[in-house]
K.L.:
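I am attaching a structure below and will ask some questions about it afterwards.
The chains referred to below are lettered A, B, ... by the order of the sequence lines, with proteins before strands, and numbering in each begins at 1.
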There are 4 protein chains.
Amino acid sequence: MSSIKERKIRKKKEEILRAAAAIFAKKGYHGTTMEDVAAKLLMTKGSMYYYFKNKDELLYHCHKMIMDLSITKMKEIIASSKSATEKLENAIKAHITLATSEKSMFMVMHKPSQHFTDDYLQDILQDRTTYAQYFDEIILEGILKKEFNHVDVKMVRMILLGALNWTQEWYDPNGEKSAEEISETFANYLLKMLVKQ
Amino acid sequence: MSSIKERKIRKKKEEILRAAAAIFAKKGYHGTTMEDVAAKLLMTKGSMYYYFKNKDELLYHCHKMIMDLSITKMKEIIASSKSATEKLENAIKAHITLATSEKSMFMVMHKPSQHFTDDYLQDILQDRTTYAQYFDEIILEGILKKEFNHVDVKMVRMILLGALNWTQEWYDPNGEKSAEEISETFANYLLKMLVKQ
Amino acid sequence: MSSIKERKIRKKKEEILRAAAAIFAKKGYHGTTMEDVAAKLLMTKGSMYYYFKNKDELLYHCHKMIMDLSITKMKEIIASSKSATEKLENAIKAHITLATSEKSMFMVMHKPSQHFTDDYLQDILQDRTTYAQYFDEIILEGILKKEFNHVDVKMVRMILLGALNWTQEWYDPNGEKSAEEISETFANYLLKMLVKQ
Amino acid sequence: MSSIKERKIRKKKEEILRAAAAIFAKKGYHGTTMEDVAAKLLMTKGSMYYYFKNKDELLYHCHKMIMDLSITKMKEIIASSKSATEKLENAIKAHITLATSEKSMFMVMHKPSQHFTDDYLQDILQDRTTYAQYFDEIILEGILKKEFNHVDVKMVRMILLGALNWTQEWYDPNGEKSAEEISETFANYLLKMLVKQ
DNA sequence: GATGAATGAGGGTTCATTCAT
DNA sequence: AATGAATGAACCCTCATTCAT
């Protein structure tokens, strides 16, 4: 049970993470100063150290925040009683939804090995593997259920994730296509690689 | 006609760019120091300024080197008298070949807007647009020649480029699949989105 | 109304400016390192950037400090209800007093165009012009009131300022003549150029 | 007797000194790079080291060049069979002529103690003392010959030199007054301090 | 005599981090 | 909980100087 105090702190932490993510996304991790983040929050540099013990921690928790969301969502999808085709469609849509609605957080995740070493890195890579495996699972399920062709699971997953992650490089909230429409289109085209015609 | 001296200097510049790219790829642009690059070349920091007037210039010329190669290759492919299907296959293969054989250079190109401003950025973005247009051209040609389905050109191109660029995130020269095999597999799957069945 | 904190910071800034001026005067602007200044104040190089955002700023504020004093003093003199002769005497004395009591600051002002560009330079030159005009004003007043001969105002002003500024090149606090005496002597001789005999 | 070769070298050295002086005057000693000087002469940095063994030497010889001219001229004036008044007039004119015609060289001489140490500095200061003494000599002669009032020689000399040196701060070859006219005016006013009326 | 290339010592500046208040 | 001030380690870049060719 969390006290009001704890909730307040947690809320503040999240605010900080969002501000940090926004700036990391724009300027890159190294290009961002603690000052930048503090300024965006109308705090002072020093104050942030009360909530996060250093800059790495900021980045690490950004990763965690988004990976937690992603993995939770995938678990739901996997657990649903849908066809593999529908699951994959949903996974694609969920990924794009997250990549666009949480664009900054998502962008921050680029190249963790450039910023972390040791434990944090292991942890993050583990999350990524987990996430990838969910995709593999769906694809495999589709193959077994004869919904999908007999594809090279890993290769197909790489194509999927590549296409999906790339969205955050070009997606523009004010662009001509909404995230929703992009999702539809992507699911449509990408499934052509898989489903029997 | 270039004198021996000019050739020597050009060679040196290329050496420097390769060393820089390798380290940029590993540590990121901001995470790389001029010292790092110099050390890799057994030079002193100061000497590098004889060849490139600052760190930005190093990054910029890495971009140019790889974009020049990419665009040149694409021009060849476009100009060839092949079917659109074959052209797209070749483009996919060429992209993967470059992304894997020149992995470091390729990785360096991530997020130019985080590192450049103004003219350099415009120049780089222009190159990217040009490159993207070649893909569009092939796809369009395929549609007109009835080789491809009537797809949304931009969306398909985005899927293609996403999948292709993502390779450099996971491709491992010592991995179980060679770049060649990956190319084949990718071309195979990706074309399913396009060609009539 | 200034808080204690503000006063403290202002005091610190002034300390820094005085230290900087002392070293600029001895070694010249370019010959002075931020380290030099910091060392004199028992600070670290980095700390100084908390108060002044760069080395230029240090020099600029030295200029401002002394020009403000000079101009304020001149305004007083001009506003006083004395004869032009007395005003000029007072101006001469004031100038020498400042040039000797704030020797370092004064010396720093040499050749602003070698150190500044653009706005700062314009600002400084404007102050100088203002200061020069006060001298012209007094001389002109003297001429109109028939206290002075009908001299070429600008030339006489140049002679005056040249002689006065030069003092800081040779004045020695331990020398045989006090600043006071020098003032007297200078006023005495220089007025001979002007007053009717 | 100097060979053609020696003369050629001497000429080149003088060219270099003039170029150096011009840039020292504009940018200050520390603000000037060997590259700057070389570029102005269409040479390479390295080549200059054939003629002058380092940057200090460049500055030192600038000083010497102008001091030699100044002192030579003063010797002539002193040796002439003119009245003290005329000698002083000539000295004033000579000084201004040099300060304006060799503006750059003249400006270079500012604050030798900021740039030299030890022997070079002693040497330069000695030259300055010598030069100052010539002025003192003329003033003293004027007093003894009853042409001048019984003034404080050193003070008057300081006023004279101050006014004269200051000219190079404001003299503009395209200004409304020629160097010639300035000389006349200055001699006229400055002598008022000295000559009996 | 001239030069291209290299060097290395510094200098200005930035910034993550700390800590007393 | 917050902050102002200080620190020091790095980093980019400059430049006088050297030297083989």
K.L.:
Name all residues meeting the side-chain contact (heavy atoms from CB on, under 4.5 Å) criterion together with A/Lys111; count only those two or more places apart in sequence or in a different chain, and write none if there are none.
P.N.:
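Once residues adjacent in sequence are excluded, the partners of A/Lys111 under the side-chain contact (heavy atoms from CB on, under 4.5 Å) criterion are A/Gln114, B/Met107, B/Gln168, B/Glu169.
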
K.L.:
Provide, to the nearest angstrom, the distance between the CG atom belonging to A/Leu59 and the P atom belonging to E/dA16.
P.N.:
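After rounding, the gap between these two atoms is 13 Å.
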
K.L.:
For D/Tyr49, give me all partners under side-chain contact (heavy atoms from CB on, under 4.5 Å), at least two apart in sequence or on another chain.
P.N.:
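side-chain contact (heavy atoms from CB on, under 4.5 Å) check on D/Tyr49 returns D/Met34.
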
K.L.:
A/Ile9 near the nucleic acid: base, sugar-phosphate alone, or nothing, with a heavy-atom cut-off under 4.0 Å?
P.N.:
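Touches sugar-phosphate only.
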
K.L.:
Checking C/Thr44 now: which residues fulfil side-chain hydrogen bond (donor to acceptor under 3.5 Å, both in side chains) with it, not counting sequence neighbours?
P.N.:
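Residues passing side-chain hydrogen bond (donor to acceptor under 3.5 Å, both in side chains) with C/Thr44: C/Ser47.
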
K.L.:
Rounded to whole Å, please give me the gap between NZ in B/Lys8 and P in E/dG4.
P.N.:
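That distance rounds to 13 Å.
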
K.L.:
Under a 4.0 Å N-O cut-off, is there an ion pair linking A/Lys40 with A/Glu35?
P.N.:
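The answer is no: the pair does not qualify as a salt bridge.
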
K.L.:
Quiz question: by atom type and distance under 3.5 Å, do the side chains of D/Glu57 and D/Tyr120 form a donor-acceptor pair?
P.N.:
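Checked: D/Glu57/D/Tyr120 side chains pair up, N/O donor to acceptor below 3.5 Å.
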
K.L.:
Which pair of non-hydrogen atoms, one from A/His115 and one from A/Asp56, has the smallest distance, and what is that distance?
P.N.:
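Taking every non-hydrogen atom into account, O-OD2, 4.4 Å.
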
K.L.:
Hey, where does DNA chain F pair up into stems, meaning at least three consecutive Watson-Crick or G-U pairs with distances under 3.5 Å?
P.N.:
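Stems (3+ consecutive pairs) listed as E:2-21 with F:2-21.
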
K.L.:
Can you check whether D/Tyr50 has a side-chain N or O nearer than 4.0 Å to OP1 or OP2 of E/dA2?
P.N.:
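So the side-chain polar atoms of D/Tyr50 never come under 4.0 Å of the phosphate oxygens OP1 or OP2 of E/dA2.
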
K.L.:
Whether B/Tyr51 contacts E/dA6 is assessed here as follows: a side-chain N or O lying under 4.0 Å from the phosphate OP1 or OP2. Is that the case?
P.N.:
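Answer yes for this pair, as a side-chain N or O of B/Tyr51 is under 4.0 Å from OP1 or OP2.
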
K.L.:
Over how many whole Å does the gap from C/Leu41 atom CG to F/dT7 atom C1' extend?
P.N.:
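These atoms are roughly 15 Å apart.
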
K.L.:
Please list, by residue number, the residues of residues 109-121 of chain D whose heavy atoms come closer than 4.0 Å to an atom of DNA chain F; answer none if no residue qualifies.
P.N.:
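Contacting residues: none.
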
K.L.:
Side chain of B/Lys55, backbone of B/Thr32: donor and acceptor closer than 3.5 Å?
P.N.:
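Judged by distance alone, yes, a pair lies under 3.5 Å.
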
K.L.:
Ignoring hydrogens, what is the shortest heavy-atom contact between B/Ile66 and B/Met109? Give both atom names and the distance.
P.N.:
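Of all heavy-atom pairs spanning B/Ile66 and B/Met109, the closest is CG2-SD, 2.9 Å.
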
K.L.:
Let me have a per-nucleotide readout for nucleotides 13-21 of chain F, 5' to 3', with B, S or -, counting only protein heavy atoms under 4.0 Å.
P.N.:
BBSBBB---

